Amino acid sequence: MKKKKMLLIFVAILLIIPLVGCAAEDTAAPPAAPPDAATPDTDPQPAPEPAPEPGEDFIIAFDMWTNQCPYCLMFANYIEYFAVQEGITAIITQADGDQMRQIANFESVLVQGAQVISGIFGDMYASLPIVDLARQHDATIVATLTSIADRGDGYEKYIYLGSENYDGGFLQGQWLAENLPQNAGIWYLGMSPTDQQGIDRLNGMLDALAAAGRDDVQIVASENTDNMMDRGVEVMETWLQAFPTIDAVVGSADVQIIGAIEVAKAAGRMDDIIWVGFDGQDMALESILAGEMSMTIFQDAQTQARALVDLFVRIRAGSDPTQEADILIPFRVITYDNVRDFIG
């Protein structure tokens, strides 16, 4: 009889426990839900992204030519940054300095639906097939920093954006005319002979020297460095062995000048040489502050990239690319006197 009572008490306890638990759950405050959030019975899942409407996605493609060029890489990074802000899909590629690869890069992105293609073109004549690709796809082509021959072979949807390289070279030449001693020689670290950007910079420099009546200043030696630091190092090592005196080393970009400076430091030849760069990169600004490089020409990558993306925005909004004018960003001279104005 005692065992039977104990069994009844045990069963009663089992029946009471769930009721107590249910009562506790009923009185607890429900978890707060985020505003406008659904409260489904199952665990909430992120809502799928809506598929874009046909023609909604605006795709541009930019080929930087080579990611070994610090300025090209900086410019491309700014383009990508501003494009994201504007909701533009930017396909960024690089051709590793290979013309055929650059052509293939643009062919690929046009197949993917790019409405505008842009880039730094390696060779003004060898880039003409890229214009043909743009024609086939009715795409706009924007040449940046370097031009394509005959304004894209007369293609109506061709636009140039950048700085006039001839003007930058002219500024460089004016400074040299004012600061080089009589009968000084120039040792020039330039670009590929097929690179229009380099051709224009050199011609601008030479014309400025001639305009200033500095016929006494001559180019003693000139080497193609493709704007590479290691090439600047190699050439400078050779020059220091071949020439007991070097008056001025001038570059079509900063990067090869910085490499050459390091070689001259190691050889104890810094004090004899005037160093002149081009582009106004951070490494050049630091060198000017340190009293090494004398001057450089500032090319404004951020302003150029912002203007390029603004152009993309206008085209996306319906602007007729055939009515868009070329966009030119002026160069500026940087010396020790104003270098701090360019350090941000």
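The structure displayed is predicted, hence computed values, not measured ones.
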Audit row: M191, D200, side chain to side chain contact (heavy atoms under 4.5 Å, CB included) steps and yes/no
CA-CA 11 Å; M191 300 183 187; D200 291 343; over 6 Å; no
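- The two residues M293 and A284 come nearest to each other via the heavy atoms SD-CB, 3.9 Å.
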Can you check side chain to side chain contact (heavy atoms under 4.5 Å, CB included) on N105 and M64, steps first, answer last?
CA-CA 11 Å; N105 286 344; M64 71 179 80; over 6 Å; no
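- Here the closest heavy-atom approach between residue I327 and residue A307 is recorded as CG2-CB, 4.1 Å.
- In this structure, E262 and V233 have side chains that are not in contact, with every pair of non-hydrogen atoms separated by 4.5 Å or more.
- Of all the heavy atoms in Y336 and I288, the pair that sits closest is CD1-O, 3.4 Å.
- Between I273 and D247 the shortest side-chain heavy-atom distance does not fall below 4.5 Å.
- Side-chain contact of S108 with Q112: a donor-acceptor pair under 3.5 Å is present, judged by distance alone.
- Interatomic distance, W65 CH2 to T146 OG1, rounded to the nearest 0.5 Å: 9.0 Å.
- For the pair A114 and A61, the tightest heavy-atom approach, listed with the atom from each and the gap, is CB-CB, 4.3 Å.
- Summarising the geometry of R135 relative to G154, their closest heavy-atom pair is NH2-C, 4.1 Å, with the distance given to 0.1 Å.
- Residues I329 and Q299 are not in side-chain contact: their nearest non-hydrogen atoms beyond the backbone lie 4.5 Å or more apart.
- No salt bridge links D300 with R306; every basic N to acidic carboxylate O contact stays at or beyond 4.0 Å.
- Side-chain N/O atoms of E292 and S287 include a donor and acceptor closer than 3.5 Å.
- The six-membered or imidazole ring of F62 lies near that of F75, with a centre-to-centre distance under 6.0 Å.
- The distance from the CZ atom of R269 to the CG atom of L240 is 5.0 Å, given to the nearest 0.5 Å.
- Donor-acceptor pairing under 3.5 Å is recorded for the side chains of T93 and D63.
- Between the side chains of Q94 and Q68, no donor-acceptor pair of N or O atoms lies under 3.5 Å.
- Within a 6.0 Å sphere centred on CD of E156, heavy atoms belonging to other residues, nucleotides or ligands number 12 at most.
- Rounding to the nearest 0.5 Å gives a distance of 5.5 Å between CD of Q172 and CD1 of I297.
- Taking a cutoff of 4.0 Å between a charged side-chain nitrogen and a carboxylate oxygen, D310 and R314 do not qualify as a salt bridge.
- Residues N77 and L73 meet the side-chain proximity criterion, which asks for heavy atoms closer than 4.5 Å.
- In this structure, I257 and V276 have side chains that are not in contact, with every pair of non-hydrogen atoms separated by 4.5 Å or more.
- Note that the NE2 atom of H137 and the CD atom of Q115 stand 12.0 Å from one another [nearest 0.5 Å].
- When side chains are defined from C-beta on, L128 does not count as touching D150, because their heavy atoms never get closer than 4.5 Å.
- One finds no salt bridge joining R214 and E178 here, because no Lys/Arg side-chain nitrogen approaches an Asp/Glu carboxylate oxygen to under 4.0 Å.
- Remark: of the listed residues R332, Q304, Q197, Q304 is the sole one forming a side-chain hydrogen bond (donor to acceptor under 3.5 Å, both in side chains) with S163.
- Looking at heavy atoms from C-beta onward, Y125 lies out of side-chain contact with Q196 at the 4.5 angstrom threshold.
- A donor-acceptor pair under 3.5 Å is formed between the side chain of Y71 and the backbone N or O of A301.
- When each of D132, I148, V131 is checked for a side-chain contact (heavy atoms from CB on, under 4.5 Å) with Y155, only V131 meets the rule.
- Atom CZ of F243 has more than 12 neighbouring heavy atoms from other residues, nucleotides or ligands inside a 6.0 Å radius.
- M270 and I186 fall into different hydrophobic clusters, where Ile, Leu, Val, Met, Phe, Trp and Tyr side chains are chained together by heavy-atom contacts under 4.5 Å.
- Under the 3.5 Å distance criterion, with hydrogens and angles disregarded, a donor-acceptor pair is assigned to the side chains of S252 and N227.
- D207 CG to L202 CG: the interatomic distance, rounded to the nearest 0.5 Å, is 9.5 Å.
- Annotation: side chain of E164 is not in contact with side chain of D326 (no heavy-atom distance under 4.5 Å).
- With ring centers used as reference points, F278 lies under 6.0 Å from F331.
- Note that OH of Y160 and CG of L145 are 6.0 Å apart. Values are rounded to the nearest 0.5 Å.
- Heavy atoms only, all atoms of each residue included: I141 and A134 are closest at CB-CB, 4.3 Å.
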